[in-house]
Each structure stands twice: as C-alpha cells, then as structure tokens.
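Being a predicted model, the structure only gives us computed values, none of them experimental. Chain letters run A, B, ... following the sequence lines, proteins first and then strands; every chain starts at 1.
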2 protein chains.
Amino acid sequence: MAKLADFISNVTLFKGLPKEQIDKLSKIAVVHGYRRGEEIFSDGERANGLYVLFLGRVKIFKLSSEGKEQILHIIEPGEPFGEVAVFSGKTFPAHAEALEESKAIFFPRGAFVGLITQDPYLAMNMLAVLSGRLKYFTRLVEDLSLKEVPQRFASYLLSGSDLKDKRQVHLNIAKGQLASLLGTIPETLSRILGKMVSEGLITVQGRKITVLNRDALEGIASGRKALI
Amino acid sequence: MAKLADFISNVTLFKGLPKEQIDKLSKIAVVHGYRRGEEIFSDGERANGLYVLFLGRVKIFKLSSEGKEQILHIIEPGEPFGEVAVFSGKTFPAHAEALEESKAIFFPRGAFVGLITQDPYLAMNMLAVLSGRLKYFTRLVEDLSLKEVPQRFASYLLSGSDLKDKRQVHLNIAKGQLASLLGTIPETLSRILGKMVSEGLITVQGRKITVLNRDALEGIASGRKALI
DNA sequence: CGTTCTGTTGAATACCTTCAATTCGCGTGG
DNA sequence: CCACGCGAATTGAAGGTATTCAACAGAACG
C-alpha cells in the first residue's frame, strides 16, 4: 500500500501531515471503484464517512421533484467529497455519481474524527477545505441569483483559460453537464454558444473552445455588455 | 466582563469548552456596536478575524453590478459570521450590514486560530458550524436553481411555523428583505402574497402571517401544486 | 403632520424553458 | 471498413415566470 500512502500524502487535505499520521490514514482507508454513471451516494442517505477522489471525475448534484438536476461541484482527483455529513447531521446533503470510471478512497467517520482531534494540523486543513467550499458556494449563489446565463458561461470560460493567457479551453465534461453546472439546460447553453460564435467571440469544435475576443467575453462576464 | 464570558459560554460555537478557554476567549474579544444600516464589512475587504453576534440582527449579502442584492444569511444573536475568511483566503466573501441596532464580538484571527489548534473541541465545533453553513447553502442553491418563487416562499413559511403547529408566523425582517433572501424582488413577493391570500391559504397583516391551509402550502412547497 | 421609506398594483418586456423535430457524433457489431 | 443505433447536441416556435418601469398607497418616524 505504499502507493496509496504516496497518493494520500499529496492530497491537499493531508498536506503537511507527519508520516506517522499518513500511515494511520492509510490504515483506515478503503478504496472503492465505480463505473461511469454509477451512484456513489444519494441525497439524504446515511453517511458513515468521507471520500477522497483518487481517479476519475465525480459530480455532486441536487435533483428537483421534476427530475431537473443542478450540479454543485465537479470533483477532481485529490479532492474530498461527502465531508459535510461527517461534521453536521448524519446524512449526505446531495447526490454523488461517477462521471467516468473512478476510484475513491473512503475514510470511516469515527476513525477520521479521531485523527482530527489528535492533529490540529489536520483540523486546520479540514477547516480550510470547508471554508473554500463555502466561498465557492457563495459565488454559485451569486451567479444563480444575480447573473444571467451568458454571464455565468463567460465567467466559466475565462476562469478556465486564466493561466498563461491560453486561448484554448477544453471542457472536461459534456455540454449537457456544463449546462447543469451553470444552472440551465442544454438548449439554452447551445443557443448561447451559437450566439457567441456568430459574434466572433469564440469558436467551438466539440469540447474544444477557442477564445477569439477575450475583452468582449470579460465585458459579458462582468455584466457590462450583453449578447445580441 | 463576567457578562461577556457568560454570553460566550452560551454560544453554540463555544459550547462545551472548559472555563479556562472561555476566559482566554473573553480576553481576546472586542465588542463593536453598529447602528441600523451600518456596514460591518464589505465583499473583498481584508479580514482580520471573525465575529459573533451579541445583539441585534445582521444580513450577509452579495450585490450585483446593477445593485441587486441577494441575502445569503440572516445572522441571529449567538451565531458567528465572517468566519470563512479566517481559514481560507484573507478577504470576506460577502457584505455584512446591521439590520437593526446591533452589537458584535470580534475575535482577532491569530489569537483565535491559536486557540483552535490548542483545543480539538473548539476545532470540532468550528467544523460543525462550517458544515452546517454548507448544508444551508446547498439548500439555497437548490431553491434558487430548481424551485420557483412560490415554492421557496411556501417552504420559508412552513419552516417558520414548524414547531408546535402554530399557525402564526411573525416575519423577523421586512418584506423587501425577505424577497432578497428568497432570491427575488419585492414586487414579485407581493404578488405571490396577494395570490395566496385570495386563494385562502394565508392572511397577512403587516409582518404577521397566518397560515389557513397548511396542506395546500405543503403542496406548493413540494412542487405538487401551483398557484393560480 | 409632513416626509421618507416600504409595500402594492398594472402593463409591457425579457429571459429562459418547454416541446418537438432534426442532426451530429461515436461506439458497436456485422 | 462500413453501417447501424443510441445518446448528445442543435434549432425553431410557443409559452410561462419573473423582472422592469412607473405610479400610487400606506406605514413609520421624527
């Protein structure tokens, strides 16, 4: 299990922990595999621990009574999920499903809480993770309530092409899933993509989007400009 | 300052802490007063600590570029606020403003973090607080994205009249503020109230709302029924 | 008792969704 | 290697919910 301990020591949540703690964590860890589309846990289900994604991609989402879905998070390898239920309430507050073949490490609640109370460093890391999530949700609420869909999409695009002014953005999820993440439906997103293309702001080839006019996109993201 | 220590020991965040810790907390605490409408901190402002509300009522909110507001939270006495910035990033993720004459206890970041690393109990309490907030936001996102305004309002009403089947709900904030909390505007809320009254579901006298037909409201809250 | 903020009501509009019909893309199997 | 089939994506037309703008009524406060 050297490989597992190795991975664990590189997870942000566990960064900076002494080797001894990493070993303890490895001992209580259980690895689960999931196929594309498989449910990991469901909203309201009793929670007995938390997960850290090892491989693949997982979506955390809510479902309406009519079956419409709102994605809260796309989890990437190294990120924890299902952590809320460990510290408050005893049930998961949303659904989790593998978007592709995935592996996740499961940490049973009791043992994990034990480690946290013994290691202030781990506690601080966990507090940082939860705070980061809260900040993210704050922005999500802001987007859903105060911005229109083109604004949200423009922000999404720009945040994905932030680093080293690369113009190419490769969507890591299907367009329909992106729509759900942006709080809309595939049709609406498709129309917005179409408009942006016809205005010369971007080009789209499957999941590959090229930003042609960054300034205009920033104008839309900030609400200063609108799509025609 | 016996009174302050007394209050602090009754705050959920500090529940179960030994007297010694409470004393330390009292020593690093600073009390601030705010008048109605006064800003406590603003979005993006550098954060040097967290607050616990002592008296009054505080709204945590986001503003759009056009000035529309979305309330994230109404803080009641005993609740902490501004805590996210202590553990992640260094700036407040939203605005805070006193809705009425208020007093808040301020805990400087460094000293507070020091106490947390010394007391696992305090750390666990803080984790529980953050998790609770996350759960709350999960529901807020769900409401904004997957439910219509009448549904949100019906849920709000019912959660306010939950205990001991009391039919009277007294709004603790102005209707305009409630609209902002529900992710809409005063006009829309007013129309919904009007419809519910004319359908005989409720009566409204200022801030006093009486539930006449709980079943119908539950139908609306769950999305099974609609308003005419 | 007047001024100001809060709440209400109406008409027009905007944005997004719904529904339905195609088209595209891709993996599977012949 | 090509054809088939199925889910994903696109496009059009119609409809619905909420917002905007504007005017007015009412409550709160000094």
Side-chain angles (χ1 to χ4, degrees), chain A residues 35-37 59 64-71 97 99-101 143-154 171-198 202-209 220 223 225-228, chain B residues 35-37 59 64-71 97 99-101 143-154 171-198 202-209 220 223 225-228:
Chain A
R35 354 192 123 266
R36 170 189 163 86
K59 68 171 170 182
S64 78
S65 49
E66 290 99 33
K68 197 191 162 192
E69 139 189 322
Q70 168 70 46
I71 295 181
E97 182 186 309
L99 284 173
E100 42 189 85
E101 189 84 18
D143 283 359
L144 290 173
S145 172
L146 303 175
K147 296 180 181 172
E148 294 171 357
V149 184
Q151 283 191 66
R152 296 178 218 161
F153 175 67
L171 304 180
N172 56 6
I173 49 176
K175 292 204 186 92
Q177 297 293 298
L178 176 56
S180 166
L181 183 62
L182 296 176
T184 186
I185 56 176
E187 291 96 317
T188 300
L189 177 58
S190 183
R191 286 180 231 278
I192 288 166
L193 283 169
K195 279 188 190 173
M196 285 188 173
V197 168
S198 72
I202 57 174
T203 63
V204 181
Q205 291 156 313
R207 288 194 181 184
K208 212 169 63 190
I209 297 181
I220 291 172
K225 269 188 54 173
L227 278 179
I228 310 156
Chain B
R35 358 194 119 262
R36 171 189 163 86
K59 68 171 171 183
S64 78
S65 49
E66 289 98 32
K68 196 191 162 191
E69 136 187 326
Q70 168 70 47
I71 295 182
E97 182 185 310
L99 285 172
E100 42 189 83
E101 189 83 19
D143 283 358
L144 290 173
S145 172
L146 303 176
K147 295 181 182 171
E148 295 171 355
V149 184
Q151 283 191 67
R152 296 178 218 161
F153 174 66
L171 304 179
N172 56 5
I173 48 177
K175 291 203 185 94
Q177 296 293 297
L178 175 56
S180 167
L181 182 63
L182 295 175
T184 186
I185 55 175
E187 292 95 317
T188 300
L189 178 57
S190 182
R191 285 181 234 279
I192 288 166
L193 284 169
K195 278 188 189 173
M196 286 189 172
V197 168
S198 73
I202 58 173
T203 62
V204 181
Q205 293 155 311
R207 288 195 180 183
K208 211 169 61 191
I209 296 182
I220 291 173
K225 271 187 51 173
L227 277 180
I228 309 158

Could you tell me whether a side-chain N or O of B:Lys208 sits under 3.5 Å from a main-chain N or O of B:Leu171, the two making a donor and an acceptor?
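Checked: no pair found.
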
Rounded to the nearest 0.5 Å, what separates atom [atom1] in [X] from atom [atom2] in [Y]?
| X | Y | atom1 | atom2 | value |
| --- | --- | --- | --- | --- |
| B:Arg36 | B:Leu99 | CZ | CG | 8.0 Å |
| B:Ile173 | B:Leu178 | CD1 | CG | 5.0 Å |
| B:Gln177 | B:Ile71 | CD | CD1 | 4.0 Å |
| A:Ser180 | A:Lys59 | OG | NZ | 6.5 Å |
| A:Arg152 | A:Leu181 | CZ | CG | 10.5 Å |
| A:Thr184 | A:Lys68 | OG1 | NZ | 6.0 Å |

Please name all residues satisfying side-chain hydrogen bond (donor to acceptor under 3.5 Å, both in side chains) with B:Gln151, sequence neighbours left out, ordered by chain then number.
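For B:Gln151, no residue satisfies side-chain hydrogen bond (donor to acceptor under 3.5 Å, both in side chains) once neighbours in sequence are set aside.
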
For B:Glu100, enumerate each residue passing the side-chain hydrogen bond (donor to acceptor under 3.5 Å, both in side chains) test, keeping only those at least two apart in sequence or located in another chain.
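Residues passing side-chain hydrogen bond (donor to acceptor under 3.5 Å, both in side chains) with B:Glu100: B:Arg57.
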
Separation of atom [atom1] in [X] from atom [atom2] in [N], rounded to whole Å:
| X | N | atom1 | atom2 | answer |
| --- | --- | --- | --- | --- |
| B:Ile228 | D:dT17 | CD1 | P | 12 Å |
| A:Gln205 | D:dT10 | CD | P | 13 Å |
| A:Leu178 | D:dA9 | CG | C1' | 13 Å |
| B:Lys68 | D:dT19 | NZ | C1' | 8 Å |
| A:Arg207 | D:dT10 | CZ | C1' | 17 Å |

Using side-chain heavy atoms (C-beta onward) and a distance below 4.5 Å, is A:Thr203 in contact with A:Val197?
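Not touching, per the 4.5 Å side-chain cut-off.
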
Would you say the side chain of A:Leu193 lies within less than 4.5 Å of the side chain of A:Phe153, judging by non-hydrogen atoms?
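In short, these two side chains touch, coming nearer than 4.5 Å.
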
Contact list for DNA chain D against residues 145-154 of chain B - heavy-atom distance below 4.0 Å:
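Those residues whose heavy atoms fall under 4.0 Å from DNA chain D, taken from residues 145-154 of chain B in numerical order, are B:Glu148, B:Val149, B:Pro150.
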
Please list residues of residues 181-193 of chain B whose heavy atoms come under 4.0 Å from any atom in DNA chain C, ordered by number; otherwise none.
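Of all residues in residues 181-193 of chain B, the ones placing a heavy atom under 4.0 Å from DNA chain C are B:Glu187, B:Ser190, B:Arg191.
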
Encode nucleotides 23-30 of chain D as B, S and - characters from 5' to 3', where the letter depends on protein heavy atoms closer than 4.0 Å: B to the base, S only to sugar-phosphate, - to neither.
--------

Pair B:Val204, B:Lys175 - check side chain to side chain contact (heavy atoms under 4.5 Å, CB included), show working.
CA-CA 11 Å; B:Val204 181; B:Lys175 291 203 185 94; 4.1 Å; yes

The test is side chain to side chain contact (heavy atoms under 4.5 Å, CB included); show your working for A:Gln70 and A:Leu144 and say whether it passes.
CA-CA 11 Å; A:Gln70 168 70 46; A:Leu144 290 173; 4.2 Å; yes

Chain B contact limits on DNA chain C, taken 5' to 3' with a cut-off of 4.0 angstrom to heavy atoms
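Extent of the interface on DNA chain C: C:dT6 to C:dA11.
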
